[in-house]
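Structure first, commentary second.
When a residue number appears, it is its place in the shown sequence, counting from 1.
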Amino acid sequence: MKLIHNYLTKTNQTISFAESMTGGRLSYELVKYQGASKIFKEGFVLYSDEAKVRTLKIDQKDIDEYGVVSHQIASLMATQLQKITGADFAVSVTGYASGKDNNMAYVGVLHKGLLYVDDIIFYPEDSREQNIKTTVRKAVKMLHEIIKK
């Protein structure tokens with residue numbers, strides 16, 4: 001995350017997060033670096049469906065149709081986050097860290113009109129904590145790849 005922090009600072013760009021499964025961990029990974037207030041616009045922990053509907057204006061019909069853990073919802077979360085915050089980078093996370101037959105997550109990043117969404121399928125033997133850490137690493141990796149372009 002230090003590389004992303006430095007890049008955003010150097011290029012005078014901003015970032016916002018809409019986190020569900022990661023519970024604010026992405027935000028924490030950024031704000032532990034001094035000067036984060038210059039680049040970090042906002043972070044939302046939107047754990048429930050209701051929070052996603054209320055805060056990001058995600059249509060409940062979309063959640064019902066696609067499932068809250070889906071490519072479509074991760075896309076909508078990033079898109080709506082950017083509309084609300086005006087950040088240069090809008091990052092979304094939705095997933096099941098444990099307790100489901102298919103523990104998985106989706107990470108979305110919207111930057112300069114381009115939307116990137118990737119999925120993660122977790123190993124059944126991995127813990128909830130491992131899955132959260134894996135998702136944070138995936139989001140950081142996606143950001144690294146985007147800023148290299």
With a 3.5 Å cut-off and sequence neighbours excluded, list the donor-acceptor pairs that the side chains of residues 77-85 form with protein atoms.
{"unit_1": "Thr79", "atom_1": "OG1", "unit_2": "Ser75", "atom_2": "O", "d": "2.9"}
{"unit_1": "Gln80", "atom_1": "OE1", "unit_2": "Lys83", "atom_2": "NZ", "d": "3.3"}
{"unit_1": "Gln80", "atom_1": "NE2", "unit_2": "Leu56", "atom_2": "O", "d": "2.9"}
{"unit_1": "Gln82", "atom_1": "NE2", "unit_2": "Ala87", "atom_2": "O", "d": "3.0"}
{"unit_1": "Gln82", "atom_1": "NE2", "unit_2": "Asp88", "atom_2": "O", "d": "3.3"}
{"unit_1": "Thr85", "atom_1": "OG1", "unit_2": "Ser16", "atom_2": "OG", "d": "3.2"}
{"unit_1": "Thr85", "atom_1": "OG1", "unit_2": "Leu81", "atom_2": "O", "d": "2.9"}
{"unit_1": "Thr85", "atom_1": "OG1", "unit_2": "Ala87", "atom_2": "N", "d": "3.3"}

Side chains of residues 17-28: which donor-acceptor partners sit under 3.5 Å, not counting sequence neighbours?
{"unit_1": "Glu19", "atom_1": "OE1", "unit_2": "Thr22", "atom_2": "OG1", "d": "2.6"}
{"unit_1": "Glu19", "atom_1": "OE1", "unit_2": "Gly24", "atom_2": "N", "d": "3.2"}
{"unit_1": "Glu19", "atom_1": "OE1", "unit_2": "Arg25", "atom_2": "N", "d": "3.1"}
{"unit_1": "Glu19", "atom_1": "OE1", "unit_2": "Leu26", "atom_2": "N", "d": "2.9"}
{"unit_1": "Glu19", "atom_1": "OE2", "unit_2": "Ser27", "atom_2": "N", "d": "3.1"}
{"unit_1": "Glu19", "atom_1": "OE2", "unit_2": "Ser27", "atom_2": "OG", "d": "2.9"}
{"unit_1": "Ser20", "atom_1": "OG", "unit_2": "Leu46", "atom_2": "O", "d": "3.3"}
{"unit_1": "Ser20", "atom_1": "OG", "unit_2": "Lys52", "atom_2": "NZ", "d": "3.1"}
{"unit_1": "Arg25", "atom_1": "NH1", "unit_2": "Glu129", "atom_2": "OE2", "d": "2.7"}
{"unit_1": "Arg25", "atom_1": "NH2", "unit_2": "Glu129", "atom_2": "OE2", "d": "3.1"}

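Considering only heavy atoms from C-beta on, Gln60 comes within 4.5 Å of Asp49 through its side chain. Residues Ile15 and Leu143 form a side-chain contact, since some pair of their non-hydrogen atoms from C-beta on lies under 4.5 Å apart. Taking the side chain as every heavy atom from C-beta outward, Asp62 and Asp64 never approach each other to under 4.5 Å. Within the 4.5 Å cutoff, the side chain of Val109 has no heavy atoms near those of the Leu115 side chain.
Tyr47 and Met104 sit in two unconnected hydrophobic clusters of ILVMFWY residues. Membership requires side-chain heavy atoms under 4.5 Å apart, directly or through other members. Cluster annotation: Val140 is connected to Leu114 through the hydrophobic network of ILVMFWY side chains, with a link wherever side-chain heavy atoms come within less than 4.5 Å. Residues Val117 and Val69 are members of one and the same hydrophobic cluster, defined by side-chain heavy-atom contacts under 4.5 angstrom among Ile, Leu, Val, Met, Phe, Trp and Tyr. A continuous path of hydrophobic side-chain contacts links Ile121 to Ile73 [ILVMFWY only; heavy atoms under 4.5 Å].
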Full working for side chain to side chain contact (heavy atoms under 4.5 Å, CB included) between Leu30 and Ile39 = CA-CA 9 Å; Leu30 182 66; Ile39 58 171; 3.9 Å; yes

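Identified under the side-chain hydrogen bond (donor to acceptor under 3.5 Å, both in side chains) test for residues 134-146, with sequence neighbours left out: Asp118-Lys138, Thr134-Arg137. Listed by first and then second residue, the ring-ring contact (aromatic ring centres under 6.0 Å, His included) pairs involving residues 72-101 are Phe89-His111 (not counting sequence neighbours). Each side-chain hydrogen bond (donor to acceptor under 3.5 Å, both in side chains) pair with one or both residues in residues 31-45, not counting sequence neighbours, appears once here: Glu29-Lys32.
The two residues Ala74 and Ser92 have their closest heavy-atom pair at O-OG, 2.7 Å. Nearest heavy-atom pair, His5 versus Gly35, reported as atom, atom and distance to 0.1 Å: NE2-C, 3.7 Å. Taking both residues in full, the closest heavy atoms of Val31 and Ala36 are given as CA-CB, 3.8 Å, listed atom of the first, atom of the second, then distance. Among all heavy-atom pairs drawn from Met142 and Tyr116, the shortest one is CE-O, 3.7 Å. Minimum interatomic distance between Val91 and Ala139 (heavy atoms only, all atoms of both residues): CG1-CB, 4.5 Å.
Note: Asn6 CG to Ile147 CD1 = 9.0 Å, rounded to the nearest 0.5 Å. To the nearest 0.5 angstrom, Asn103 atom CG is 11.0 Å from Glu125 atom CD. Atom NZ of residue Lys148 and atom OH of residue Tyr7 lie 12.5 Å apart, to the nearest 0.5 angstrom.
With hydrogens and angles disregarded, no donor-acceptor distance shorter than 3.5 Å links the side chain of Thr94 to the backbone of Tyr106. Proximity of a side-chain donor or acceptor of Gln130 to a complementary backbone N or O of Ser127 within less than 3.5 Å is detected.
Grouping Ile, Leu, Val, Met, Phe, Trp and Tyr by side-chain contacts under 4.5 Å, direct or through others, leaves Val45 on its own.
When each of Ile63, Ile58, Asp59 is tested with Lys61 by the rule side-chain contact (heavy atoms from CB on, under 4.5 Å), just one qualifies, namely Asp59.
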